[in-house]
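Here the structure is laid out as structure tokens; the discussion comes afterwards.
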Amino acid sequence: MKNTTAGLLAGATFVAGAGAGLATMAFTDTALPIQPKAEGWDKVDQVRKLIETHSLKDISEEDLLTGALDGMTAALDDPYSDFLDAEETSQFTDSIESSFEGIGATLEKKGEDILIVAPIKGAPAEAAGLRAGDVITAVDGESIEGMAVEEAVQLIRGEKGTVVTLTIQRGGQEADYEITRDTIPIETVYSEVKEQDGKKIGYIEVTQFSEPTADEFWSSLRRSSQKTSIASSSTCAGTRVVCFLPSSR
């Protein structure tokens, strides 16, 4: 196994966040090597050399490095932080751009389960009847138990017009849903004005964060402010729903 550590991280990304947003750091070969700052880091290299010398399994140094980086982020025990390899980085970039081809649902891993956070409004997932909180147990008959979210997403996405079957667990029962993939425009902000107690209240919902979210949010805010008297704001349900309340005059 050749020493090809420098350059193996080209195109890789570390994604960190605490629910309120995302911070990404892309690595390139110019960022390496990283000098260890704590005692014991030399053990990582010792293990690598032992595997290289004695392992019966042929494994590339790139796979070893990716595994080590996956382990570091897993040690954070933070569902919003992850290390993405080059392929996963490409998928992540697609997910925050203006559109993609798939079923239109936001996923997250909770414990050992992969759940639907929310189907995108008007997307095939919503039309098929998928709901927030549904647990995906299989894709086209293949169990996704133990998979990372990125691996499950790779199975679920596909070309427009093709069909994917998701096995969904809901309320202790399982059922299969056949969904035809489509081009999914990423609209991350939805707004509406409701009347309550004779006052108009503007509701702005942020379903996920992507490139156009900030512009869409401020555009929705401007539209809502023309229809309501906004005096204060509060955050509901974490960072997903922002409710703009009318003044109390």
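Please read all numbers here as calculations on a predicted model, not as lab measurements.
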Full working for side-chain hydrogen bond (donor to acceptor under 3.5 Å, both in side chains) between Ser191 and Glu205: CA-CA 6 Å; Ser191 63; Glu205 178 182 0; over 6 Å; no

Heavy-atom closest pair (Thr66 atom, Phe83 atom, distance to 0.1 Å) is CG2-CE2, 4.0 Å

Does Glu61 pair with Arg48 as a salt bridge, N-O distance under 4.0 Å? yes

Where Glu159 and Arg181 come nearest, the two heavy atoms and their spacing: O-CB, 3.6 Å

Closest approach of Phe217 to Val206 (non-hydrogen atoms, all atoms of both residues): CD1-CG2, 4.1 Å

Test side chain to side chain contact (heavy atoms under 4.5 Å, CB included) on Thr162 and Thr180; report intermediate values, then the result. CA-CA 6 Å; Thr162 58; Thr180 301; over 6 Å; no

Side-chain (Glu151) to main-chain (Ala148) donor-acceptor, under 3.5 angstrom: yes

Close side-chain approach of Glu62 to Leu65, heavy-atom, < 4.5 Å: no

Whether Asp45 and Lys49 form a salt bridge (side-chain N of Lys/Arg under 4.0 Å from carboxylate O of Asp/Glu) is what I want to check. yes

Intermediate values then yes/no, side-chain hydrogen bond (donor to acceptor under 3.5 Å, both in side chains), Asp63 and Ser60: CA-CA 5 Å; Asp63 287 341; Ser60 69; 3.3 Å; yes

Is there a continuous path of hydrophobic side-chain contacts, each under 4.5 Å between heavy atoms, that joins Val149 to Ile116? yes

Treating Asp140 as the side-chain partner and Thr165 as the backbone partner, does any N or O pair qualify as donor plus acceptor under 3.5 Å? yes

Short question: side chain of Thr137, backbone of Gln169 - any donor-acceptor pair under 3.5 Å? no

Take a 6.0 Å sphere around CZ of Arg170 and say whether it holds more than 12 heavy atoms from other residues, nucleotides or ligands. yes

Going from CD on Glu108 to CG on Asp113, what distance comes out if it is rounded to the nearest 0.5 angstrom? 10.5 Å

Are the side chains of Leu166 and Ile156 in contact, using a 4.5 Å heavy-atom criterion? yes

Distance-minimising heavy-atom pair for Met147 and Ala152: SD-N, 4.2 Å

Side chain to side chain contact (heavy atoms under 4.5 Å, CB included) assessment of Leu64 paired with Ile59: CA-CA 7 Å; Leu64 288 176; Ile59 184 170; 3.9 Å; yes

Ignoring hydrogens and angles, tell me if any N or O in the side chain of Thr53 forms a donor-acceptor pair with the backbone of Leu50 under 3.5 Å. no

Donor-acceptor pair, distance only, cut-off 3.5 Å: does the side chain of Lys160 make one with the backbone of Ile184? no

Are side-chain heavy atoms of Glu126 and Lys121 found at a separation under 4.5 Å? yes

Between Ala125 and Ile179, what is the shortest heavy-atom contact and its length? N-CG2, 4.3 Å

With heavy-atom distances below 4.5 Å as the criterion, would you say the side chains of Tyr177 and Leu130 are in contact? yes

Under a single-linkage definition using a 4.5 Å side-chain heavy-atom cutoff for Ile, Leu, Val, Met, Phe, Trp and Tyr, are Leu115 and Ile168 assigned to the same hydrophobic cluster? no

Would you say that Asp215 contacts Val189 through its side chain, given a criterion of any heavy-atom pair below 4.5 Å between the two side chains? no

Given Ile144 and Leu155, is the side chain to side chain contact (heavy atoms under 4.5 Å, CB included) satisfied, shown in steps? CA-CA 9 Å; Ile144 62 171; Leu155 292 177; 4.1 Å; yes

Please round to the nearest 0.5 Å and tell me the distance separating atom CD of Glu52 and atom CG of Asp58. 11.0 Å

Looking at every heavy atom in both Val117 and Leu107, which two are closest together, and how far apart are they? CG2-C, 3.9 Å

